[in-house]
Amino acid sequence: MPTDPPPSWEPLGPRPYVAGHRGVDVPTPAAASDPQVSGVRPYLITGGRARPIDSTLHVETQVLTTWDGRAALDTLTYEHRDIVALCVRPSAVAEVAAHLRLHLGVARVLVADLVATGYLVIRQPEVGAHQQVQIIERVIRGLKAIR
Amino acid sequence: MDSKPFVDAPGTGRPPLPVKIVIAGGFGVGKTTAVSQISEIPVLTTEAPITEIAADIDRTGQVPSKTTTTVALDFGCITIDEEVKLYLFGTPGQDRFGFMWRDLTEGALGGLVIVDSRRLDDGYPAVDYFEKTGLPFVVAVNLFDGFLSHNLEDVRWALAVSDDIPIVTFDARDRGSVRDALLAVLQRSLARVS
């Protein structure tokens, strides 16, 4: 695994079409009191959709950028670009949300979009893995190695 | 763009298999501290810091030196081996966040309910939920400054947990202690399936 940080995934800031809406920035009460809360409404980022194409994405589902995604990076914009850049290293859906300061539901919608376009692949938790002796024992061994 | 091989691209590798343990407990009980001690990434939070109104409801004033808290999820992760990655999701143990719990506990290896022996009732909703859903879990009493307000049998009685649920003491600030509490959870997970 490379130890260099992935290409910049820092959020790019307010979307111009939002900032330009009234020519001035009118923060919501939440945004005004908390710099970590985006003033952009979630439905703007997702194009009005509240549910992901694939509604089965779990918080721990692993997300990884594909070759196609990497090749398309320069053509992508805003959150799509941030996610594809971040997931050059495998990340959980919850990590995508946290790093990009997106609501978890928004992150799910966007990840599902990018999977549909082939820029990301996912690995879901395996059904029943939590009840497999072999998996539990592997986790026990891994934890015991921690000093 | 560099030409470094893209190690995990399809065809050359897969994303890791995620597994998870849910860590529940009231505000200020040491969930985030525990996760941060053992996580290989800095603890991440998905949602917003709690508002002042909610902070008042959550009685943080009763807990010494807890100044900030968050709604929703704090989490970290541990790479177990070349394929398996363990996520630790910390979630407030209040009933009003119950809507998140089904999502979180589905497919979880187990749960760790952290309690503060001075505020045992905060641990009750999580204990209740884990018992109802059949999730293997352990109750861990966080020893603030090494101090235990009640003996463990009193804790068991107050939380009304059955005799087969382990109750352990631990120090959320100590990595080895957090690891051992998680290992206790996994022993329960193992006992359920073997």
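In what follows, every chain begins at residue 1, and chains take the letters A, B, ... in the order their sequences are listed. This structure is a prediction, so every number in the text was calculated from the model and none was measured.
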**Report entry** CG on B:L104 to NE2 on A:H58, rounded to 0.5 Å
**Finding:** 11.5 Å
Query raised in the report: Is there a side-chain contact between A:R123 and B:E83 (heavy atoms, below 4.5 Å)?
Result: yes
Requested in this report: Nearest 0.5 Å please: distance from the SG atom of B:C77 over to the CD atom of A:Q62.
Outcome: 8.0 Å
Query raised in the report: Just wondering, do B:E106 and A:H130 contact through their side chains at under 4.5 Å, heavy atoms?
Result: no
Report task. Kindly determine whether B:T46 and A:L102 satisfy side chain to side chain contact (heavy atoms under 4.5 Å, CB included), including the steps that lead there. Result -> CA-CA 7 Å; B:T46 53; A:L102 295 171; over 6 Å; no
Query raised in the report: Tell me, side chain or backbone of A:R141 under 4.5 Å from chain B's heavy atoms, or both, or neither?
Result: neither
Query - Pairs of heavy atoms under 4.5 Å with chain B: top-ranked of A:A92, A:A94, A:A97 - result: A:A94
Query - Nearest-0.5 Å distance that lies between atom CZ in B:F75 and atom CD in A:E95 - result: 5.5 Å
Requested in this report: Give, for atom CZ of B:R179 and atom CD1 of A:I146, the distance between the pair rounded to the nearest 0.5 Å.
Outcome: 7.5 Å
Report task. Might you point out which heavy atoms bring A:P90 and B:K85 nearest each other, and give the distance in Å? Result -> O-NZ, 3.4 Å
Query raised in the report: In Å and rounded to the nearest 0.5 Å, what is the OG1 to CZ distance from B:T45 to A:R101?
Result: 11.0 Å
Query raised in the report: Side chain, backbone, both or neither: which part of B:L86 has an atom under 4.5 Å from a heavy atom of chain A?
Result: side chain
Query - Rounded distance [0.5 Å steps], CG in A:L104 versus CG in B:L73 - result: 6.5 Å
Query - Side chain B:R175, main chain A:R147, donor-acceptor under 3.5 Å - result: yes
Query raised in the report: Side chains of B:L17 and A:I135: does their closest heavy-atom pair fall under 4.5 Å?
Result: yes
Report summary line: One option among B:I41, B:L182, B:L44 has the most heavy-atom pairs under 4.5 Å with chain A, and it is B:L44
Report summary line: The interface call for B:I78 against chain A, heavy-atom contacts under 4.5 Å, is side chain
Query raised in the report: Which atom names give the shortest non-hydrogen contact between A:Q131 and B:V193, and what distance separates them?
Result: O-CG1, 3.4 Å
